[in-house]
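Here is the structure we will look at, set down as structure tokens.
Letters A, B, ... are given to chains in the order of the sequence lines, protein chains preceding strands, and every chain is numbered from 1.
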Amino acid sequence: MGARGGHPRNPDGGRIVILDLHTHSVVSDDGRAKVPNYCQWIRARDLPIEGFVLTEHRQFDFASDYSGLAREFGLTILKASEVETEYGHVLVFGVTEALTKAFDFADIHLPLAQVIEEAERHGAVPVPCHPGRKRVGMAAHIGELGVPEGVRIVEIFNGGSRGEEDRIAAAMASEQNYQGIGGSDAHIVSHIGRCATRFDGAVGSEGELAEALRGGGFEALSFREQA
Amino acid sequence: MTVTRITDVEFGDTLPVFDPDTRLANVARFVEAAHWNGPRFTDHEAARAEGLPGALVPGIMSQGFLAAMIHRWAPKAEILYVDTVFRAPVIVDQPCHINGVVTDLDEATGEVEIDLTVTNDAGETRVFGTARARLPN
């Protein structure tokens, strides 16, 4: 299901891409990281990731253009969203302008079924994140609300996880036959790259990311130091 | 190691880890001085009765630890702000570690930005944030 640490290589010699799929910048209300500093940090620390996805809370950041930074640092910088549902928080990859009009991203009580349905209708991919976390994670709500329809991928490695949260997420993924992704959930610069996802092929745009997630050729990675 | 000038600092520098005294007696002294006295900070059983995992280190005390770490590293620094996000409680009598790393600097103004975390022995982040400080040129 997932791998811990190391620098994975594709045994077939094909190109692999490692992206941190869950980061926040100062655009998020609790984000404290500036995107140029993320780039500097990745290069200064020689982190084993080729890029990252900014998943700002309850919005899609149309305004920011990181293409210059991406070129300057040789990194892939993509954008997505983290929305809030009755099952907890959900990353949405492949967000389009039309999708942002299909439901209110700022609503903290979105029905997960609606997020899944509209995401799929618009070519996006919903991924419940930190599902092992109390209150804001999916596993905590299954007992009361049942197993939701339509979930195919969950975040099994989250850089901000405490205690048993990642283990609960991985167990749920195994039980429900979900695929797993990894992301650092970085809100400060030095937390980027703690967890990531390896793709078997190029991912250079939001659309390609959604396509790669639908294709299933990926694996969650954790680079967190074990205490 | 301490720094005295902005030119001593580089992007990515790690500040010496500070392991503060979170024992009950020290927290009790702090809350008395801060006029924040209350059983949730000084009595594990009373805190558990409130549904907490144990007596809490007050948030302003954690912020004080963060500021203290910066001044141990750069005694002449002027701290412009400490901005914290509390993700999980810091529990009295449980060791915690105050960590900092330089994530931005401007030699012209002498200002540095520092990522701050309070972690426990399991490496879990309980508090994170950033600070901005100015060092002499």
Side-chain angles (χ1 to χ4, degrees), chain A residues 4-5 22-26 28-47 57 69 73 89 129-130 132-137 157-168 183-195 222-227, chain B residues 9-17 19 51-54 59 62-63 66 69-70 73 80-91 94-107 111-133:
Chain A
R4 284 192 180 275
H22 190 170
T23 69
H24 299 273
S25 76
V26 290
S28 288
D29 51 2
D30 60 351
R32 299 293 182 268
K34 289 171 281 189
V35 178
N37 296 138
Y38 272 146
C39 299
Q40 266 186 293
W41 184 263
I42 290 166
R43 290 310 183 208
R45 294 292 167 115
D46 196 22
L47 299 186
H57 288 293
L69 270 179
F73 287 91
H89 294 189
C129 53
H130 40 68
R133 192 164 299 168
K134 288 178 185 173
R135 201 172 53 81
V136 295
F157 292 145
N158 177 286
S161 286
R162 295 180 292 273
E164 296 296 300
E165 290 174 1
D166 277 356
R167 191 196 59 74
I168 292 168
S184 68
D185 204 358
H187 289 71
I188 56 175
V189 171
S190 56
H191 280 176
I192 198 165
R194 296 184 296 182
C195 300
S222 177
F223 301 107
R224 296 177 79 183
E225 291 175 11
Q226 301 301 298
Chain B
V9 183
E10 291 187 9
F11 179 90
D13 280 354
T14 301
L15 282 62
V17 176
D19 294 336
L52 300 165
S62 291
Q63 289 186 315
L66 295 164
M69 178 195 59
I70 294 168
W73 168 69
L80 303 175
Y81 67 78
V82 174
D83 176 16
T84 43
V85 178
F86 293 87
R87 277 290 193 253
V90 179
I91 305 298
Q94 293 183 6
C96 72
H97 314 289
I98 312 297
N99 316 279
V101 62
V102 175
T103 56
D104 201 5
L105 78 165
D106 183 340
E107 289 203 3
E111 291 183 8
V112 295
E113 194 157 293
I114 302 163
D115 272 10
L116 303 167
T117 55
V118 179
T119 56
N120 62 10
D121 274 349
E124 298 167 352
T125 300
R126 318 299 286 182
V127 181
F128 69 79
T130 55
R132 198 156 189 89

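Taken to the nearest 0.5 Å, the CZ atom of B/Phe128 stands 5.5 Å off from the CG atom of A/Asp30.
Of the two parts of B/Thr119, neither the backbone nor the side chain holds a non-hydrogen atom closer than 4.5 Å to a non-hydrogen atom of chain A. When heavy atoms are compared at a cutoff of 4.5 Å, A/Arg133 does not approach chain B at all.
Between A/Arg32 and the options B/Asp115, B/Thr130, B/Thr84, B/Asp83, a side-chain hydrogen bond (donor to acceptor under 3.5 Å, both in side chains) holds for only B/Asp83.
Looking only at side-chain heavy atoms (C-beta outward), B/Thr103 and A/Ile188 stay at 4.5 Å or farther from each other. The side-chain heavy atoms of A/His187 and B/Val85, taken from C-beta on, include no pair separated by under 4.5 Å.
Closest non-hydrogen pair, B/Val101 versus A/Trp41, comes out as CG2-CH2, 3.3 Å. Heavy-atom minimum distance, B/Thr14 versus A/Arg45: OG1-NH2, 3.6 Å. For the residue pair A/His191 and B/Thr125, the shortest heavy atom distance occurs at CE1-OG1, 3.7 Å.
A salt bridge links B/Glu113 with A/Lys34: the distance from a Lys NZ or Arg NE/NH1/NH2 to an Asp or Glu carboxylate oxygen falls below 4.0 Å. Ion pairing of A/Asp185 with B/Arg87 is absent here, as no side-chain N (NZ or NE/NH1/NH2) approaches a carboxylate O to less than 4.0 Å.
By number of non-hydrogen pairs under 4.5 angstrom with chain B, the leading residue of A/Ala44, A/Ser190, A/Ser161, A/Gly163 is A/Ser190.
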